[in-house]
Amino acid sequence: RERRAIATPTLVDLGCGTGANLPMLREAVGKWGHVFGFDFSDLALQFARKQPEIQGDPNLALAQADALRLPIRDGVADFVTMLDVLEHLS
C-alpha cells in the first residue's frame, strides 16, 4: 500500500494539559498543518497559552473540552494524540 504525505495535516492533541507536547506536535505537522489542543482543565490551558512557542501561532488552537464530547466534526483530524488521558476518563 502506497503512503502519501498529507499537504495540510490536522492533528488533535486530546488532553494537551499545559501544552508540553504542543511545540513538538506543531513542528511535526509542518508549516501548513494545524494542531488543536483540547483539555478539560481551564487552568492547564492557561499555562499552555503562556508558552512562547504557542503564543501567536495561527495554526495552533487551544480549547477547553470534554474528551467524550469534542467540539469538532468527525473526520476532521488526520492524527490524534492522547497521552496520560485514559486514567482520567470515567
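On a predicted model such as this, the values are computed, not experimentally measured, just so you know. The chain is numbered in sequence order, starting from 1.
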F79 and I6: CA distance, side-chain angles, deciding distance, side-chain contact (heavy atoms from CB on, under 4.5 Å) verdict: CA-CA 11 Å; F79 308 97; I6 300 169; 4.0 Å; yes

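- Distance alone, capped at 3.5 Å, places no donor-acceptor pair between the D13 side chain and the G37 backbone.
- Clustering ILVMFWY residues whenever any of their side-chain heavy atoms sit less than 4.5 angstrom apart, transitively, puts V29 in the very cluster that holds M24.
- With sequence neighbours excluded, the residues satisfying side-chain contact (heavy atoms from CB on, under 4.5 Å) with Q64 are D42, L45.
- In summary, of the residues considered (L83, V35, L25, D39), a side-chain contact (heavy atoms from CB on, under 4.5 Å) with C16 occurs for D39 alone.
- Using a 4.5 Å cut-off between side-chain heavy atoms of Ile, Leu, Val, Met, Phe, Trp and Tyr, with links allowed through other members, L14 and V76 fall into different hydrophobic clusters.
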Please tabulate, one pair per line, all N/O donor-acceptor pairs under 3.5 Å involving side-chain atoms of residues 52-63, not counting sequence neighbours.
| from | atom 1 | to | atom 2 | distance (Å) |
| --- | --- | --- | --- | --- |
| Q55 | NE2 | R49 | O | 3.3 |
| Q55 | NE2 | K50 | O | 3.4 |
| D57 | OD1 | R26 | NE | 3.4 |
| D57 | OD1 | N59 | N | 2.9 |
| D57 | OD2 | R26 | NE | 2.9 |
| N59 | ND2 | K31 | O | 3.1 |

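- No chain of hydrophobic side-chain contacts below 4.5 Å, direct or via other Ile, Leu, Val, Met, Phe, Trp or Tyr residues, connects V85 to F40.
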Derivation of the side-chain contact (heavy atoms from CB on, under 4.5 Å) call for T81 and N21: CA-CA 10 Å; T81 59; N21 294 317; over 6 Å; no

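- The side-chain contact (heavy atoms from CB on, under 4.5 Å) search around P71 returns F38, A65, not counting sequence neighbours.
- Nearest heavy-atom pair, P23 versus Q51, reported as atom, atom and distance to 0.1 Å: CG-OE1, 3.8 Å.
- Within a 6.0 Å radius of CD in Q46, other residues, nucleotides and ligands contribute more than 12 heavy atoms.
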